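What follows is a set of notes on a single structure, which appears directly below.
Below, chain A is the first sequence line, B the second, and so on; all start at residue 1. Heavy atoms only: backbone and side chains are in, while hydrogens, waters and symmetry mates are out. This one's a predicted model, so the numbers in the text were calculated from it and none came from an experiment.
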2 protein chains.
Amino acid sequence: MGDPTTETTTDPETASENYPPDVFSRACTSRVVLQHISGRWGALTLSALRDEPLRFNALRRRIDGISEKMLSQTLQALERDGFVVREVQATIPPRVEYSLTPLGTTVAGRLWELIGLLESSMDQVSAAQQAYDAR
Amino acid sequence: MGDPTTETTTDPETASENYPPDVFSRACTSRVVLQHISGRWGALTLSALRDEPLRFNALRRRIDGISEKMLSQTLQALERDGFVVREVQATIPPRVEYSLTPLGTTVAGRLWELIGLLESSMDQVSAAQQAYDAR
DNA sequence: CTGTATCCTCTCTGATACTG
DNA sequence: CAGTATCAGAGAGGATACAG
């Protein structure tokens, strides 16, 4: 990666310059962001913040199985991307609240729809998996 | 986890009534599937198949930067989950076509919406990133 | 309470080579 | 054309310890 010569490749066969955005291009910056919001922890973190702002350890309890390190890392990425706001209250003990930005709320909504769709399809998916494994 | 002081938690044993599904639970099987469809290559692969069935190398060209191995692996996972159909035509040279199942089509649609939303928000995201890095 | 730092493991990923 | 096999490096992820 990081090859400076590879700009948008001129696809010889798929003469589809008319395609929406070039999300399929290696250089597409949104790929990284997509990873942040849809990665193993990103989607769950954004979804967890959909209803209400939460503090660090509350988030940690909500997202079962996430480690401190990953939660911290995930939140930093989401904050940098502008999906999450980190608000520090100067109290003792320190109190940090995480909430969604308007953009984050929109994204989290879509994500939640996707998760809901997946959840309601898990029967189908499980059946497909069993059928596949039976072969 | 079993913290009695946690906010308005539902009863641990009967937690499958009020809240949608417990996607936040470590044991939730849909987490893995979510990884497949939203992982680095899954989302792009499903999106690439939205318009039309494609063959292996056509997909490879379409999804810039994916290796043979990763494409193969991604397609296998998506097929096992029941999102993608693999159809082998007994010709010479071999011709294998990948297409979406109805479920796959639905999921890919949601995914595409999410990607579209992200694409149209990249200005905001980039600005947020620069602001973040400036600190 | 809210994290960061460190170490260590394991998976993911890509390049290469090879099969049918 | 459509993959599989193998190997090595990069990065994700977790446990623990420690800091503000």
Side-chain angles (χ1 to χ4, degrees), chain A residues 1-3 6 12-14 26-27 31-45 48-49 53-80 84-99 135, chain B residues 1 3 5-7 26 31-45 48-49 53-80 84-99 132 135:
Chain A
M1 307 270 262
D3 188 8
T6 43
E13 280 120 306
T14 61
R26 177 199 325 246
R31 272 197 192 181
V32 183
V33 181
L34 181 61
Q35 281 309 291
H36 293 165
I37 68 169
S38 73
R40 180 169 182 191
W41 301 118
L44 291 173
T45 303
L49 289 172
L54 289 175
R55 292 181 351 183
F56 189 83
N57 277 320
L59 263 174
R60 190 149 144 54
R61 282 188 297 267
R62 186 105 174 80
I63 306 171
D64 190 24
I66 194 170
S67 65
E68 290 183 353
K69 177 185 170 182
M70 290 324 302
L71 180 55
S72 177
Q73 211 169 89
T74 302
L75 285 169
Q76 277 179 30
L78 293 177
E79 188 194 358
R80 194 177 101 95
V84 161
V85 174
R86 179 176 183 269
E87 189 183 356
V88 184
Q89 296 165 25
T91 60
I92 294 188
R95 190 186 175 92
V96 182
E97 212 168 62
Y98 293 91
S99 56
R135 288 186 278 124
Chain B
M1 262 67 87
D3 190 11
T5 65
T6 43
E7 67 294 342
R26 179 200 323 249
R31 274 198 189 180
V32 183
V33 181
L34 181 61
Q35 282 308 292
H36 292 165
I37 68 171
S38 72
R40 181 169 182 192
W41 301 119
L44 291 173
T45 303
L49 289 172
L54 290 174
R55 291 171 19 190
F56 189 84
N57 279 318
L59 264 172
R60 189 148 145 55
R61 283 187 296 268
R62 185 101 173 79
I63 306 170
D64 190 25
I66 195 170
S67 65
E68 289 183 353
K69 178 183 170 183
M70 282 300 107
L71 179 55
S72 176
Q73 212 169 89
T74 301
L75 285 169
Q76 278 179 29
L78 293 177
E79 187 194 359
R80 193 177 101 96
V84 161
V85 175
R86 179 176 184 269
E87 189 183 357
V88 183
Q89 295 166 25
T91 59
I92 293 186
R95 190 187 174 90
V96 181
E97 210 167 65
Y98 293 90
S99 57
Y132 184 94
R135 289 187 278 124

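For B:R55 and D:dC1, the shortest distance from a side-chain N or O to OP1 or OP2 is not below 4.0 Å.
Sorted by residue number, the members of residues 88-99 of chain B with any non-hydrogen atom under 4.0 Å from DNA chain C read B:P94.
Contact between B:R135 and A:E79 at its shortest, heavy atoms only, is NH2-OE2, 4.0 Å. The two atoms that bring B:R62 and B:A48 nearest to each other are CG-CB, 4.0 Å, heavy atoms only. Residues B:L34 and A:A43 approach most closely at CD2-CB, 4.0 Å, considering heavy atoms.
Between the CD atom of B:E87 and the P atom of D:dA2 there is a distance of 13 Å, rounded to whole Å. One interatomic measurement links the two molecules: NE2 of A:H36 to P of D:dG11, which rounds to 13 Å at whole-angstrom precision. A:N57 has its CG atom 9 Å from the P atom of C:dG3, to the nearest Å. Atom-to-atom, CD1 of A:I63 to P of D:dG13 comes out at 13 Å; the value is rounded to the nearest Å. Note: CG (A:L71) to C1' (C:dC1) measures 13 Å, nearest angstrom. Rounding to whole angstrom units, CZ of residue B:R60 and P of D:dT4 are separated by 13 Å. Atom CZ in B:R40 sits about 9 Å away from atom C1' in C:dG14, given to the nearest Å.
When the options A:M70, A:Q76, A:E68 are evaluated for a side chain to side chain contact (heavy atoms under 4.5 Å, CB included) with A:S72, the one that passes is A:Q76.
Applying the side chain to side chain donor-acceptor pair (under 3.5 Å) criterion to A:R80, with sequence neighbours excluded, gives B:D133. In this structure, the side-chain contact (heavy atoms from CB on, under 4.5 Å) partners of A:V32, at least two apart in sequence or on a different chain, are A:H36. By the side chain to side chain donor-acceptor pair (under 3.5 Å) test, B:R55 is found to be paired with no residue, residues two or more places apart in sequence or in another chain being considered.
Inter-axis angle, ends of the helix from C:dC1-D:dG20 to C:dG20-D:dC1, five pairs per end, rounded to 10 degrees: 50°.
Using a 4.5 Å heavy-atom threshold, the side chains of A:D64 and A:L44 count as separate. A:R60 is listed as a side-chain neighbour of A:N57, based on a closest heavy-atom distance under 4.5 Å. Side-chain contact between B:V84 and B:T45 is absent, with no heavy-atom pair separated by less than 4.5 Å. Side chains of B:F56 and B:V96 form no contact here, defined as non-hydrogen atoms less than 4.5 Å apart.
Mapping A:L75 and B:M70 onto DNA chain C via the closest heavy atom, the residue that lands nearer the 5' end is A:L75.
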Using the 3.5 Å cut-off, write out each protein N or O paired with an N or O of nucleotides 4-6 of chain C and the distance between them.
| from | atom 1 | to | atom 2 | distance (Å) |
| --- | --- | --- | --- | --- |
| C:dT4 | OP1 | A:Q76 | NE2 | 2.8 |
| C:dT4 | OP2 | A:S72 | OG | 2.2 |
| C:dT4 | OP2 | A:Q76 | NE2 | 3.3 |
| C:dT4 | O4 | A:E68 | OE1 | 3.3 |

